Structure formats: structure tokens, C-alpha cells
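Right, one structure below, let's go through it.
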2 protein chains.
Amino acid sequence: MNAAGRFARYLSTNRLKMTRTRRAILEEILAIRGHFTADDLLAHFRRRGRDVAPATLYRTLARLVEAGLVHRIDMAKGQARYEPMFGRHHHDHMICVSCGKIIEFENRTIERIQADVCRRKRFTLVEHTHQLRGHCAQCSQNGTPAARPRGAS
Amino acid sequence: MNAAGRFARYLSTNRLKMTRTRRAILEEILAIRGHFTADDLLAHFRRRGRDVAPATLYRTLARLVEAGLVHRIDMAKGQARYEPMFGRHHHDHMICVSCGKIIEFENRTIERIQADVCRRKRFTLVEHTHQLRGHCAQCSQNGTPAARPRGAS
DNA sequence: CTATCTGCAAATTCTTTGCGGTCTG
DNA sequence: CAGACCGCAAAGAATTTGCAGATAG
């Protein structure tokens, strides 16, 4: 089923409604096809005259996340990012602290070890965050000041 | 060198001052010897009559992090946590979403693969966050409602 | 003595909530 | 046509910043 269909199903299952605004938000996200912030979306709407209230957008994003159609990436600092998850599977992120670019990565071995670690501690994993922050190839090259590695969690 | 000494060295190197308040904050952290929030520290001080302004605490924590003596754990939601790093080496965290408990874990293989991933993408790693959120052994057992695993990043 | 600190209060940032009118199923 | 939504404005949480007097080197 496509994204709109899946959202519709999620909504009806939960006795929620498919409104014009919700449809518009989902379409905009489908059009972006990449990482975005709540503000990005608001700006898109503002630019084309359609005004969506921040409150409404946040409420809808929360529903899309619940429905499993969108994934929220909590940044250490500043706004959260979102990304569509239609038919995609799990991956993690490298975030360039110079230019903000997000590079996705996926590693089966890490996921497996992670599961092992949880099993060993009898920890029931619900979700995880694995972000690598640093400088992307371009920024490292363009003499971005100080790319000194350091440990962190 | 001990923590106080290291902090003193960091301060003087940067033409900063070792004040009474900074000393008190560092001592309090040494006494806690575990994970804490800015609010925890403020409460400790308030309880014993010594009043430290939030602004001052946050400024000092930032310095301690810069000095490498304290590590900041950014939580997806709510307040950041801090932990002393005196003579400890890197580790990551499992966070119980039921009781808030933080369990540390450390895995050389994951760290190594992570470094490989960065090398392959020519990404200069500065720091990383690897958090597993879920239910700890106790909370899973005590019938904490709904421990249904889901994917996330 | 002078630059850095401290506490206070106000500002910020991102997100959430309360409310009165509107729309969907 | 009842219950869910929308936009607006105001609230919220955690942290940061500006300022005037205090203090360390």
C-alpha cells in the first residue's frame, strides 16, 4: 500500500480523520523525499500561500511518527529532523557539524551486536539512536577549522 | 593528576579563574560519582543552603565538558544528563524509559565498525551518540505496560 | 587593578496546550 | 451531528544571555 493509504488506514483504525491539512502535509513530505525540519515544512507552505499552523504540523508529525510513516531524528541541539520512512528500513546517521548534511549508514553487524548487548543485560530494546557527528568529506577538505576527534557518547 | 588539578590546569591554560563556586561544583560532582542532571546539582546545593545560580552552573558544566572532565548525554526529551569522566574511558548508554535508569555498555567491535564506516565515507568523526532506549530487566518483569519493540534511529 | 565571574532576571528556542469555531465520517 | 480538527495565541521546559556589582590572579 502507498503512503497515503497507510496513513488513511492508521487514522481510521484510531478513529481519527483524514483532513485536507493532513493530506497536504503528507504530500509535502512525499515531495521532499529527504530529511527535513518542522520549520522547513512550514516554510514550504508559507511560500506557496498555504498557511499551516505550527501546532497543527507538530500534531500531524506526531501522528505520522506513530503510524510509522515518518521517523523523528532528535538532534542534540536545535530542532528535531524528520524523514519519510515509506518502505524504507532502519538506518542510522552521520551528521556534518559544519554544513548540516546528513549521511545515512546501515550496518547489520552493529545492529546484531546491539541486540546481543541488550539480551545479555535483559534489556528490552524499544528504539535506539546512533549518530556520528563530525565533518563530511567536503567540509574536512575545505579546511573547516579544527576537525580534532574526541570521544563522546 | 586528579580532577581538581586537571580543571585548574585547563582553567589557567585558558586564562580562566578557579573560583569558589567552580570548586564547589566540581566537588559536588565528585561526590555524586554517577549520572546527574543540572537540576540534580542545583537541588543538592539548595538543600545545603549554598545557592548556585542555574546560569552559573550551566556555564561551569560547559567548561568541565570542554576540559574533558565531564561528559554530557543529550536525551531525546527533557533535560540533558551529565556524568563525570575522570579517568574513565568511553562507553555508551542503555536508558530505561520506565524508570530512567542508565546502564552503561561498552563494545570494542561496534566502535571499530563505526570507525570503518566513517573511513569509507571519508567522514571525520568528532563525537558520537549511541543510546538504546527500552525497559530494564526489572521494569520488563514488573509488567510495565507494553514493551513492544520497534525500529528507530 | 583589570579581566573574568556571579547572580538575577529577561530572552530564546522549539514544541505543546487551551480554546472557540470548523469540518469529517 | 458528535467528535475530532484547525488556527491562534499563550504556555512550557531547559538553557542561554545581558548586565552591574564581586572577585581572582
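Nothing here was measured: the structure is a model prediction, and the numbers come from that model. Protein chains get the first letters and strands the later ones, always in sequence-line order, with residue 1 at the start of each.
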Could you run down the sub-3.5 Å N/O contacts of the protein with nucleotides 18-25 of chain C?
from   : atom 1 : to      : atom 2 : distance (Å)
C/dT24 : O2     : A/Lys17 : NZ     : 2.7
C/dG25 : OP1    : A/Met18 : N      : 3.3

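Atom CG in A/Asp51 sits about 20 Å away from atom P in D/dC5, given to the nearest Å. When rounded to the nearest whole Å, the span between CG of B/Leu61 and P of D/dA14 equals 15 Å. Between the CG atom of A/Leu57 and the P atom of D/dC8 there is a distance of 14 Å, rounded to whole Å. In this structure, B/Ile73 atom CD1 and D/dT15 atom P are separated by 13 Å, rounded to whole Å. Across the protein-nucleic acid pair, A/Arg72 atom CZ and C/dC14 atom P stand 12 Å apart, rounded to whole Å. In this structure, A/Asp74 atom CG and D/dA14 atom C1' are separated by 15 Å, rounded to whole Å. We find that CZ of B/Arg63 is positioned 18 Å from P of D/dT15, with the value rounded to whole Å.
When each of B/His130, B/Glu83, B/Gln131 is checked for a side chain to side chain donor-acceptor pair (under 3.5 Å) with B/His93, only B/Glu83 meets the rule.
Map A/Thr56 and B/Thr60 each onto its nearest nucleotide of DNA chain C; the residue landing nearer the 5' end is B/Thr60.
With hydrogens and angles left out, the side-chain atoms of B/Thr56 and B/Thr21 include no donor and acceptor closer than 3.5 Å. For B/Glu28 and B/His44, the side-chain atoms include at least one donor-acceptor pair closer than 3.5 Å.
Classification of the B/Phe36-B/Tyr82 ring pair by plane angle, with boundaries at 30° and 60°, yields parallel. Aromatic ring pairs are classed by plane angle as parallel below 30°, tilted from 30° to 60° and perpendicular above 60°; the pair A/His90 and A/His128 is perpendicular.
For B/Arg122, the CZ atom counts as loosely surrounded, since its 6.0 Å shell holds 12 or fewer non-hydrogen atoms of other residues, nucleotides or ligands.
Residue B/Tyr58 places none of its side-chain N or O atoms closer than 4.0 Å to OP1 or OP2 of D/dT16. Regarding contacts with the backbone of C/dC14, every side-chain N or O of B/Lys77 stays at 4.0 angstrom or more from both OP1 and OP2. For D/dA24, the OP1/OP2 oxygens have no side-chain nitrogen or oxygen of B/Arg22 closer than 4.0 Å.
Salt-bridge annotation for B/Arg88 and B/Glu104: present, with a side-chain N of the basic residue lying under 4.0 Å from a carboxylate O of the acidic one.
For B/Arg15, there are no salt bridge (charged side-chain N to carboxylate O under 4.0 Å, His left out) partners two or more places apart in sequence or in a different chain.
Across all non-hydrogen atoms, the minimal contact from A/Phe45 to A/Ala24 is CZ-O, 3.7 Å.
Contacts with DNA chain C (heavy atom under 4.0 Å) in residues 24-49 of chain B: none are found.
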